[in-house]
2 protein chains.
Amino acid sequence: MENKTARFEKLLVKNGLKRTAQRLQVLEILSGRDSATSQPYLEQVMGKNADRVTLYRVLQAFEEKGIIHKVLDQQGTANYAICSDGCSAHEHHDEHVHFNCDNCHKIYCLDTVKIPALKVPAGFKVEHLNLIATGLCASCSDKIN
Amino acid sequence: MENKTARFEKLLVKNGLKRTAQRLQVLEILSGRDSATSQPYLEQVMGKNADRVTLYRVLQAFEEKGIIHKVLDQQGTANYAICSDGCSAHEHHDEHVHFNCDNCHKIYCLDTVKIPALKVPAGFKVEHLNLIATGLCASCSDKIN
DNA sequence: GCTATATTTGCAACATAATTGCATTAACAT
DNA sequence: ATGTTAATGCAATTATGTTGCAAATATAGC
Ligand SMILES: [Mn+2]
Ligand SMILES: [Mn+2]
Ligand SMILES: [Zn+2]
Ligand SMILES: [Zn+2]
């Protein structure tokens, strides 16, 4: 694999964002995890490397550009995951199912599980679908059994 | 239709909750609306009839007893709707789709639209499904076109 | 109706998440 | 190297939600 930091720098430039230490660190953290990352966790890990406000602004900019997507867990906490290819400022293509584990509270992007189309009452125009499953993740159901 | 307040009083007694003015008012407000009601809206409408803390506790008690259910909108704001029959302290049966209008921001309970079952990766154990559709509600798509 | 008791409420204090305005700093195009 | 613009940090503010405790009140039993 090519140098990760170089890849992230290109990603920023491509999206018209300046290549700052804070932005690169957020991308590093998100890419190094197997599940979505909560804002509080990010804030804690960044520590004094970035002001809280900066973190919020970085996340907002990334979301707008289609670099990451936000998933709210069952408590309403914001969690962020890097988008798979194909997302852009114009449109997010992250309509996969998310899984929120009741035990470890991780949020997994189930990229392979698409949300089925829906029949809604007359008049309603569906734009996006957002499906969160809760239960036990593979790792937790292993441990418990 | 029978006297609404009397019905609510029975509902409270049935659930072992005392019949207080604050609780009755919350039921009045929720039942008088065609969509889920946000906590901020409730707080505003209750005004000085109830302390903020009391409102939170009323909502929590109602949710635990299966009288109402909570829906988080796309911003993570808590919204509440009265449960259809069949919900109880032991189990909520509100696995219907919710519709969050991008224009008026109302959240509708689409009671007739059930969430389809899902095939998830091996190991994951699904307990609950939570599906929120966004777009234009019937009323807003009328107005706009 | 009165009284005792358990529940519910209100208040104060606290915790966390998020936003805004503004001055300072840093990226990068030239 | 320098100027311009974007990004950051800081302070203040708002919103949301929680906890402990004293005061108030709903109601069951008399
Ligand atoms: Mn995802
Ligand atoms: Mn509902
Ligand atoms: Zn888990
Ligand atoms: Zn609408």
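Proteins come first, then strands; the chains are lettered A, B, ... in the order of their sequence lines, and each starts at number 1.
Under the 6.0 Å distance and 45° angle rule, A:Arg33 counts as a cation-pi partner of A:Tyr41.
Rounded to a whole Å, the CD atom of A:Glu64 is 14 Å from the P atom of D:dA6. Rounded to a whole Å, the CD atom of A:Gln75 is 14 Å from the C1' atom of C:dT16. Summarising the geometry, the separation between CZ on B:Arg52 and P on C:dC11 is reported as 13 Å, rounded to the nearest angstrom. When rounded to the nearest whole Å, the span between CD of A:Gln44 and C1' of C:dA15 equals 16 Å. Taking atom CZ on A:Arg57 and atom P on C:dG21, their separation rounds to 11 Å, with Å as the unit. Protein atom CG of B:Asp51 is 9 Å distant from nucleotide atom P of C:dA12, rounded to whole Å. Atom CE of A:Met46 is separated from atom C1' of D:dA7 by 13 Å (rounded to the nearest Å). Following rounding to the nearest Å, A:Gln60 (CD) and D:dA7 (C1') show an atom-to-atom distance of 13 Å.
A side-chain donor from one of B:Gln25 and B:Asn49 sits under 3.5 Å from a side-chain acceptor of the other.
Ring centers of B:Phe124 and A:Tyr108: under 6.0 Å apart, within the cut-off.
Across the interface with DNA chain D, nearest-nucleotide mapping of A:Val53 and A:Val58 shows A:Val58 to be the residue nearer the 5′ end.
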Please test A:Asp51 against A:Tyr56 for side-chain contact (heavy atoms from CB on, under 4.5 Å), starting from the C-alpha separation and ending with a verdict. CA-CA 9 Å; A:Asp51 187 82; A:Tyr56 280 112; over 6 Å; no
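For the segment residues 11-32 of chain A, the set of residues with a heavy atom within less than 4.0 Å of an atom of DNA chain C comprises A:Lys18, A:Arg19, in numerical order.
With hydrogens and angles ignored, the 3.5 Å screen pairs a side-chain donor or acceptor of B:Glu95 with a backbone N or O of B:Leu129.
Salt-bridge formation is detected for the pair A:Arg52/A:Glu43: a Lys NZ or Arg NE/NH1/NH2 atom is positioned less than 4.0 Å from an Asp or Glu carboxylate oxygen.
Among the heavy atoms of the strands, none lies under 4.0 Å from A:Ala61.
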